[in-house]
Amino acid sequence: MSAISLYARPSPDFAQKLAHSLALLKTAAAKYSPLTQASSLGAEDMVITHLMHEAGLFDKPGVSIFVLDTGMLHAETVALVKRIEERYPVTVDVYHPDADATSAFVEENGPQAMYKSLALRKQCCHIRKMAPLDRALAGKKGWLTGLRREQSAARAEVHDIEQQPERTKVNPLVEWTQGDIWHCISANALPYNPMHDQFFPSIGCAPCTRAVTLGEDFRSGRWWWENESAKECGLHVAADGTHEAQEPAAFEPLSSIIPIREIPA
Ligand code: SF4
């Protein structure tokens, strides 16, 4: 069963939400340029990219999209970069982690270090996500994310505009439901990760993502061995640290080692 047939159910006020998101994107481009979208290539981010196009943002200087290719993403995820570039007049900026840092980390801690302790998991996220994120956001005045309030308890307080110390974070989909997202994908035939059709509602790095079963929380397939209330990689941790993960109980690693793609120099 496809994700569209499972989830595409627009809210009664979907038209108003759509209009609000488009207006917010235009405001963001006017006030916070250079403005960039942090795309995880997930369903929400495919919607945002489409709305950026609908709002005419790709005609404006200073608007961009970036992806953090951690070297641990599924091939289905990476393939979406090309599909975005085929459909929209935009080139996606792809940021990779430092090759020496990833090699040294794997050599010292093993390819499954993220399961050994919270500290090692966070260190892996720092090398593969946070350090490249800093490079991607350098010089940007604003950034766009696909955060939605209903995604998790940690995201329930997210606002559509959040002032951060160095830039403004704009979240155009805070009020959208999962049904709204999939309605938009269906109505506009947007490209999306085929893994969503296999019960992966939230897709990150391969070792840290699994399918969920019906009734499980949206984020339950991410870092599933950690504290339920704190599944963030650091990109969206609140300024006061309230979304920080807690040390998990002992975890039995996967029996199979997930291959790590080579990081371009
Ligand atoms: S999500 Fe997992 S594999 Fe990806 S950077 Fe974080 S710990 Fe490493």
Side-chain angles (χ1 to χ4, degrees), residues 38-45 66-81 93-137 145-147 151-152 154-155 193 195-196 198-212 216-238 241 243-264:
S39 176
S40 69
L41 302 168
E44 285 79 5
D45 289 319
F66 76 85
V67 164
L68 304 178
D69 183 352
T70 62
M72 305 287 256
L73 300 178
H74 303 86
E76 294 91 331
T77 305
V78 177
L80 286 166
V81 170
D93 300 323
V94 180
Y95 287 82
H96 301 277
D98 180 86
D100 291 340
T102 53
S103 298
F105 180 78
V106 171
E107 199 168 312
E108 185 176 345
N109 303 294
Q112 297 191 338
M114 66 288 292
Y115 304 130
K116 292 180 181 172
S117 72
L118 180 60
L120 284 174
R121 197 277 280 173
K122 290 170 99 172
Q123 197 178 341
C124 183
C125 280
H126 178 80
I127 293 169
R128 293 182 182 275
K129 291 184 174 181
M130 300 309 295
L133 178 72
D134 283 347
R135 280 188 274 127
L137 292 180
T145 86
L147 297 182
Q151 283 173 327
S152 69
R155 297 182 177 185
N193 194 324
M195 293 175 65
H196 288 307
Q198 298 159 27
F199 298 100
F200 284 81
S202 176
I203 303 170
C205 294
C208 301
T209 303
R210 68 173 167 107
V212 303
E216 276 193 300
D217 179 75
F218 176 87
R219 298 274 291 175
S220 60
R222 303 289 296 279
W223 305 291
W224 62 93
W225 63 94
E226 293 185 356
N227 183 297
E228 279 298 317
S229 66
K231 293 176 177 175
E232 299 290 350
C233 60
L235 271 70
H236 303 301
V237 171
H243 301 166
E244 283 283 1
Q246 305 300 308
E247 189 66 51
F251 175 70
E252 189 68 27
L254 297 177
S255 57
S256 61
I257 293 177
I258 294 164
I260 298 172
R261 289 186 299 113
E262 196 174 324
I263 305 294

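Order of listing sets the numbers, starting from 1, for every ligand and every atom in it. All values below were derived from every heavy atom in this structure, side-chain atoms included, with hydrogens, water molecules and symmetry-related copies excluded. All values derive from a computational prediction rather than experimental measurement.
Qualifying side chain to side chain donor-acceptor pair (under 3.5 Å) partners for Thr77, counting only residues two or more places apart in sequence or in other chains: Asn193. Checked against side chain to side chain contact (heavy atoms under 4.5 Å, CB included), Ala79 has no partners two or more places apart in sequence or in another chain.
Counting the atoms of ligand 1 from 1 in the order shown, those under 4.0 Å from a heavy atom of Arg128 are 5 (S). Close contacts of ligand 1 with Cys125, meaning ligand atoms under 4.0 Å from a residue heavy atom, involve 1 (S), 5 (S), 6 (Fe), 7 (S). Every atom of ligand 1 is numbered from 1 in the order shown, and the set under 4.0 Å from a heavy atom of Cys208 is 1 (S), 2 (Fe), 3 (S), 7 (S). Ligand 1 places these atoms under 4.0 Å from at least one heavy atom of Arg121: 7 (S). Of all atoms in ligand 1, listed by their number and element, those nearer than 4.0 Å to a heavy atom of Met114 are 3 (S), 7 (S).
Using a 4.5 Å heavy-atom threshold, the side chains of Met114 and Cys208 count as touching.
Atom 6 (Fe) of ligand 1 lies at 2.8 Å or more from every N, O or S atom belonging to Cys205.
Ring geometry, Tyr95 versus Phe66: the interplanar angle exceeds 60°, so the pair is classed perpendicular (tilted spans 30 to 60°).
To the nearest 0.5 Å, the span separating CE on Met130 from CG on Leu68 amounts to 9.0 Å.
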